[in-house]
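For ligands, and for the atoms within them, numbers begin at 1 and follow the listed sequence. From a predicted model like this one, the values you see are computed outputs, not experimental measurements.
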Amino acid sequence: MSEQVVTCRVLLVEDIESEAALVAKNLRRVSGWRFLIEHFDRLTPGVERARHARYDVVLLDLNLPDGAGIEVCQRMHAAAPHTPIIVLTNQNSPELGLKALREGAQDYLIKREVDGPLLGRAIRYAIERHRGEQALRASEQRYALAVSGANDGIWDWNVRDGTAYYSARWKAILGYAECDVSERIAEWLERIDQRDRERFDEAMSQHLEGQTGFFECEYRIVTRGGEIRWVASRGVAIRDDAGAASRMAGSMTDITRRKETETRLLHEAMHDALTGLPNRNLFIDRLDLGLRRYRRDPSKQFAVLFFDIDRFKHVNDSLGHAAGDELLLQIAGRLLACLRPGDTLARLGGDEFAVVLNDIGGATDVIYVVERLQASLAQVFEIDVHLVYTSASIGIAISSESYRRPEEMLRDADIAMYRAKGTGQATYAVFDSAMHDHAMFQHRMETDLRRALDKGELEVYYQPILAIETQCVMGFEALLRWRHPSRGLVLPDDFIGIVEDTSLVVPVGWWVLDRACRQLAKWQHLFPQTPPLSMSINVSGKLFLTDDMAKRLAALLEDHGLQPASLHLEITERVVMDHGDLVLSTLADLRELGVRLHVDDFGTGYSSLTYLQRFHYDALKIDRSFVSTMVESKDSVAIVQALISLGATLGMTVVAEGIESAEQLRRLRQMHCPAGQGFWFSKPLQQDAVSDYLRQNQNPGPVLLPATG
Ligand code: C2E
Ligand code: MG
Ligand code: MG
């Protein structure tokens with residue numbers, strides 16, 4: 001393999017012919033290189049040529065007819081600044097050579113001493129050194145450009161003598177012009193905000209001592225105008241052989257905007273947007289603080305109040321959300337006005353507020369404050385042109401050794417609030433251990449219930465509903481049962497409330513609907529009659545709030561091949577009272593679909609007649625409490641009679657619930673009550689017992705009624 005030959009273009013400026021020939025001869029001896037030499041014996045044409053052509057090196061005699069001395073080198077360097085120059089001098093002028101080096105020459109050679117290898121080496125070094133210098137210059141320029149263009153300020157600190165370089169941007173961040181800042185490290189350190197100085201020094205000395213790979217710190221700094229800005233500094237130390245930092249350099253970034261955003265986000269994360277009050281997160285924080293303080297010093301008693309605004313939903317629904325918001329704002333204002341500066345009022349969401357009441361002497365102190373708060377809320381609120389009355393149900397939990405976590409105390413205040421609400425509006429209750437036991441019981445039931453559906457522990461029982469006149473079976477009411485593994489058969493009154501308060505309400509509701517409809521289809525098939533057997537199903541209000549209820553129900557009926565009119569949905573007055581217009585639109589969809597709507601437990605709610613005006617129902621179910629007292633109480637008789645007439649007038653059928661005796665039945669029959677159900681006919685039956693029951697009762701013979709009454 002032949003050695004690779006490097007081609008090198010040489011510009012030789014030499015007026016003495018023999019010297020030029022000697023140079024050419026020497027160059028020919030350099031192995032591995034091929035020199036293309038262009039020779040000029042005058043400076044001016046040589047310089048002109050150098051300006052336009054590219055050479056790898058210039059060999060330049062400093063003693064020419066049209067120029068001599070250092071000026072020769074200057075002219076050539078000006079014409080070809082990117083080409084390395086080697087100066088050729090006579091033996092008697094070495095100082096001239098040195099001067100030439102300062103003027104841009106790479107090297108100088110004394111003509112007499114030059115031989116082939118020496119000249120070759122000189123040319124090679126000159127080219128390489130020149131290339132290195134060019135690269136260094138380019139990188140320095142790049143660095144300078146980056147520094148001047150960067151958003152970051154640059155600092156470079158001589159740790160040994162305390163001097164420092166700061167870039168223009170570094171100074172600009174602090175509001176200074178280029179010349180305003182001296183080159184001392186103190187210029188920086190003295191401006192650091194006192195609150196952060198210790199942290200800064202700590203991070204710095206850790207790095208200087210070699211404990212951290214780099215120095216990094218976010219801190220506040222005071223600008224020229226006295227303003228405070230947030231900056232982040234990073235840096236690395238250069239160390240001597242002993243490991244001691246001799247120099248350290250790095251950057252400084254203005255992070256004020258980011259810090260402001262962070263602070264704002266933190267505030268937002270901790271506060272309620274509407275009222276600006278602390279939210280649940282911050283409240284829990286404060287509560288935690290209170291608990292810690294109390295644990296250190298049990299004389300520092302405090303209480304948590306949990307508020308729920310009575311009838312808030314009503315205001316929101318009837319006057320609109322803007323009015324609802326305004327009411328909440330005014331409530332927040334009134335509550336704040338009743339509290340002391342050390343207390344914390346928070347909005348936990350919706351119409352729920354909570355208070356940490358600090359430094360209380362005992363329960364009586366708290367009750368005093370609570371009564372003051374309630375009195376303040378009892379004053380009328382003016383919302384736009386409306387006068388609004390409201391009140392709060394308040395639950396109270398008082399600090400005790402047993403509270404480990406803030407959430408526990410808030411939970412107990414919440415439980416007490418529910419207890420208060422259950423006893424009426426504008427009331428309060430102090431949490432006690434019986435409430436705790438009850439809540440624990442509820443909690444266990446809830447956990448068990450969540451498994452009950454999957455484990456097949458839920459069952460539907462069916463109670464026959466009969467025509468009172470003929471005693472023919474018209475249909476059934478589906479009644480939910482829970483076969484609990486340890487408690488046995490649990491009746492709905494003991495668990496339906498839990499179902500309704502949890503997310504279980506929807507799946508359980510649909511499970512019952514599906515189950516009962518499937519059975520009805522079977523029984524209609526086995527026991528055909530006119531009109532076909534019906535199924536009454538109790539439906540929770542929450543189900544009416546799902547917007548696709550009617551659609552889903554239509555699909556269900558179709559799946560089971562049922563006429564919509566066979567399905568009777570039982571709704572209590574409460575459902576419409578609690579959810580208002582939202583429910584009414586679903587009811588209208590259901591009516592459109594053709595299912596029947598029955599009012600359950602009629603007469604036990606508060607505004608029964610208004611309620612009937614708002615929507616047309618197909619049937620009224622007279623509550624058991626009236627039927628069961630009919631024999632002893634004239635009033636009950638009158639009410640039952642009135643309800644039956646009311647039904648007839650409004651075009652509704654009437655079903656009497658809870659018929660337990662022949663006498664009750666006889667009276668209802670006298671009053672022409674169309675339908676009824678009760679233990680006298682049958683208790684709710686297990687699914688498998690229904691067919692037998694229907695077989696025995698489908699075509700009853702003449703009805704025997706007791707003659708007395
Ligand atoms: P309700 O809809 O008023 O059902 C009638 C209740 O009276 C049933 O109680 C039934 O067993 C009982 N009952 C019927 N005849 C007599 C009688 O002659 N004497 C006596 N003392 N009681 C009689 P149950 O099954 O305990 O249900 C209680 C309530 O639970 C129901 O009252 C209903 O509101 C609710 N419920 C039952 N099943 C469901 C369901 O699947 N979903 C929903 N949301 N609620 C249900
Ligand atoms: Mg019912
Ligand atoms: Mg009922």
Side-chain angles (χ1 to χ4, degrees), residues 449 452-453 457-466 468 474-484 488-520 534-546 549 567-575 578-579 583 596-605 617-631 653-665 667-668 673 675-687 689 693:
L449 250 178
L453 192 60
E457 290 170 12
L458 296 185
E459 283 178 35
V460 182
Y461 274 45
Y462 300 91
Q463 188 177 36
I465 297 174
L466 289 86
I468 289 196
M474 302 165 72
F476 295 88
E477 176 172 6
L479 295 162
L480 187 58
R481 299 289 181 265
W482 178 12
R483 203 166 292 281
H484 191 282
L489 196 67
V490 186
L491 293 175
D493 285 343
D494 290 333
F495 71 90
I496 211 81
I498 301 173
V499 172
E500 304 223 349
D501 282 346
T502 60
S503 59
L504 286 164
V505 63
V506 175
V508 168
W510 283 103
W511 180 82
V512 173
L513 280 163
D514 183 66
R515 196 32 94 90
C517 284
R518 174 174 323 151
Q519 283 311 124
L520 180 63
S534 64
M535 185 63 72
S536 297
I537 302 179
N538 299 286
V539 183
S540 141
K542 300 263 172 63
L543 226 56
F544 288 99
L545 291 180
T546 55
M549 179 179 184
L567 183 60
H568 302 172
L569 299 183
E570 296 194 359
I571 310 153
T572 58
E573 284 170 87
R574 277 218 77 88
V575 172
D578 287 353
H579 306 297
V583 170
R596 300 289 152 87
L597 301 168
H598 292 192
V599 184
D600 206 352
D601 305 340
F602 192 77
T604 55
Y617 298 90
D618 300 286
L620 281 185
K621 293 190 82 169
I622 302 177
D623 193 66
R624 193 171 74 220
S625 54
F626 303 115
V627 177
S628 65
T629 48
M630 239 167 50
V631 179
T653 187
V654 173
V655 183
E657 290 186 295
I659 307 170
E660 290 185 352
S661 68
E663 180 56 16
Q664 290 164 355
L665 178 61
R667 300 250 175 127
L668 287 165
C673 179
Q677 71 189 90
F679 294 170
W680 176 255
F681 298 123
S682 167
K683 292 206 162 175
L685 301 168
Q686 261 181 295
Q687 179 184 304
Y693 178 84

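Atom numbering of ligand 1 starts at 1 in the shown order; those under 4.0 Å from a heavy atom of Leu479 are 4 (O), 8 (C), 10 (C), 11 (O), 25 (O), 37 (C), 38 (N). Each of the following atoms of ligand 1 lies closer than 4.0 Å to a heavy atom of Gly678: 15 (N), 18 (O). The contact set between ligand 1 and Ile659, taken as ligand atoms under 4.0 Å from a residue heavy atom, comprises 18 (O). Atoms of ligand 1 found under 4.0 Å from any heavy atom of Arg481, numbered from 1 in the order shown, are 11 (O), 24 (P), 25 (O). Under a 4.0 Å criterion applied to the non-hydrogen atoms of Arg624, ligand 1 contributes the atoms 6 (C), 7 (O), 12 (C), 13 (N), 19 (N), 20 (C), 21 (N), 22 (N), 23 (C). Listed by number with element, the atoms of ligand 1 under 4.0 Å from a non-hydrogen atom of Glu570 are 2 (O).
The Mg ion (ligand 2) has an N, O or S atom of Glu570 inside 2.8 Å of it.
Remark: the backbone N or O of Leu597 is paired with a side-chain donor or acceptor of Asp618 at under 3.5 angstrom. Of the possible polar contacts, none joining the Thr546 side chain to the Lys542 backbone as a donor-acceptor pair under 3.5 Å is found. Formation of a donor-acceptor pair under 3.5 Å by the Glu657 side chain with backbone atoms of Gln677 is not found in this model.
Checking only distances, Gln677 never comes within under 3.5 Å of ligand 1, N or O to N or O. Considering backbone and side-chain N/O of Val539, none are found under 3.5 Å from N/O of ligand 1. Checking only distances, Leu480 does come within under 3.5 Å of ligand 1, N or O to N or O.
With Pro684, Ser682, Pro492 as candidates, the residue nearest to atom 27 (O) of ligand 1 on a non-hydrogen basis is Pro492. Here atom 18 (O) of ligand 1 lies nearest to Phe679 when heavy atoms of Phe679, Phe495, Tyr461, Trp511 are compared. Taking all heavy atoms of Val505, Val499, Asn538 into account, the minimum distance to atom 43 (C) of ligand 1 is reached by Asn538.
Within the structure, the closest approach of Glu477 to ligand 1 falls below 4.0 Å when heavy atoms are considered.
Counting all heavy atoms, side chain and backbone alike, Arg624 lies closest to Gly658 at CG-CA, 3.5 Å. Scanning both residues, Pro684 and Tyr461, for their nearest heavy atoms gives O-CD2, 3.6 Å. Taking all atoms of both residues into account, the shortest heavy-atom contact from Gly676 to Ile468 is N-CG1, 3.7 Å. Residue Gln519 comes nearest to Tyr462 through the heavy atom pair CG-OH, 3.4 Å, listed as atom of the first residue, atom of the second, then distance.
Take the N/O/S atoms of Glu477: the one nearest the Mg ion (ligand 2) is OE2. Between the Mg ion (ligand 2) and the N, O or S atoms of Asp600, the shortest distance is to OD2.
Aromatic ring orientation, Trp482 versus Phe495: perpendicular (interplanar angle above 60°, classes split at 30° and 60°).
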